[in-house]
Amino acid sequence: MSAPLIKLFTQPNFAWTDIRREEEAHPRHYLAHLLLLALIPAVCLFLGTSYVGWSLAAGETVRLSTASALQLSILLYVAIVAGVAVIGGFIRWMSRTFDARPTLNQCIGFAAYNVTPFFVAGIAGLYPSRWLAILILGAASVYSTFLLFVGLPTFMHERKEQGLLYSACVWGVGLLVMVTILVSMILLWFNVLSPEYLRTTVG
């Protein structure tokens, strides 16, 4: 892990200052962070759905075929990367209402680091469970929201009052974008790619 990444979970206030400084030196530094960490939920979901499986009834385990699990994982990866890019575009568009004048790279970079808790939460995909997913993703949502409200004013050099309003707007748009993209991904996978389920009965 890079120093700014560790600081996001230990010293978030300082982390955003470091990330902004790194962005000014290397405008596309976020790409490695986004493209590599987005693999965590995709790979974990592949392993969890194809090798571990989940239980819908006592004594029965359901898994996806390797091909179906791979399709789902690739779609998830594309959805994550596309979602971060779209959110970054909206952050750039909304900035015209406020004092900030960030570049598109800065906005996508901010979005990429802000969703880091979701990347880490993707480890839960190794053990497919509805309640575990709800718990882990809920915690990731809370911490990502905290990072957003703490980090946006610092990263965009906004006054605190405007930064909070800007953050609230980004939160609403970001939630809408991610839900729309993920639902579209699931519908495409389920209705067009026709997933193949493998059922194993014990006993």
Side-chain angles (χ1 to χ4, degrees), residues 1-2 5-6 8-9 30-90 108 111-148 170-203:
M1 280 188 171
S2 65
L5 181 56
I6 295 174
L8 278 175
F9 295 94
Y30 66 87
L31 280 176
H33 177 90
L34 172 60
L35 297 179
L36 290 177
L37 266 68
L39 287 171
I40 295 176
V43 172
C44 289
L45 185 66
F46 172 79
L47 295 174
T49 55
S50 61
Y51 291 99
V52 180
W54 61 97
S55 179
L56 298 178
E60 182 182 60
T61 300
V62 181
R63 294 181 292 108
L64 290 175
S65 67
T66 301
S68 293
L70 183 60
Q71 290 171 345
L72 178 61
S73 297
I74 291 174
L75 283 175
L76 178 62
Y77 183 79
V78 172
I80 291 173
V81 174
V84 169
V86 171
I87 291 173
F90 273 108
I108 297 177
Y113 277 96
N114 193 76
V115 298
T116 297
F118 288 101
F119 295 150
V120 177
I123 296 174
L126 289 171
Y127 183 74
S129 167
R130 178 176 58 186
W131 296 113
L132 178 63
I134 291 174
L135 178 64
I136 299 298
L137 289 177
S141 299
V142 170
Y143 196 72
S144 184
T145 299
F146 168 74
L147 288 179
L148 172 64
V170 170
W171 186 90
V173 171
L175 179 63
L176 178 62
V177 168
M178 292 307 296
V179 168
T180 300
I181 290 179
L182 289 175
V183 169
S184 299
M185 178 206 80
I186 292 172
L187 291 176
L188 172 64
W189 176 71
F190 190 79
N191 295 313
V192 177
L193 298 178
S194 300
E196 179 184 3
Y197 297 97
L198 306 174
R199 300 178 186 275
T200 303
T201 303
V202 180

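The structure displayed is predicted, hence computed values, not measured ones. Numbering of residues begins at 1 and proceeds along the displayed sequence.
Atom CD1 of Ile87 and atom CD1 of Ile108 lie 10.5 Å apart (nearest 0.5 Å). With rounding to the nearest 0.5 Å, the separation of OG1 in Thr66 from CD in Gln71 is 11.0 Å. Atom CG of Asn114 is separated from atom OH of Tyr143 by 10.5 Å, given to the nearest 0.5 angstrom. Between the CG atom of Leu45 and the CD1 atom of Ile74 there is a distance of 12.0 Å, given to the nearest 0.5 Å. Distance OG/Ser73 to CH2/Trp189: 9.5 Å, rounded to 0.5 Å.
Using a 4.5 Å heavy-atom cutoff, the side chains of Ile80 and Phe119 are in contact. With contacts defined as side-chain heavy-atom distances shorter than 4.5 Å, the pair Arg63/Val52 does not qualify. Looking at Trp131 and Leu135, their side chains never come closer than 4.5 Å, going by heavy atoms from C-beta outward. Side-chain atoms of Phe46 and Leu72, non-hydrogen and from C-beta on, never get closer than 4.5 Å to each other.
Judged by distance alone, the side chains of Thr145 and Trp171 do bring a donor and an acceptor atom under 3.5 Å apart. Donor-acceptor pairing under 3.5 Å is lacking for the side chains of Ser144 and Ser141.
The heavy-atom pair separating Ala69 from Ser50 by the smallest distance is CB-CB, 3.7 Å. What you find for Ser68 and Glu196 is that their closest heavy atoms are OG-N, 2.8 Å.
Note on ring orientation: taking the six-membered ring where Trp is involved, the planes of Trp54 and Tyr197 are perpendicular (angle over 60°, cut-offs 30° and 60°).
With hydrogens and angles disregarded, no donor-acceptor distance shorter than 3.5 Å links the side chain of Tyr77 to the backbone of Ile40.
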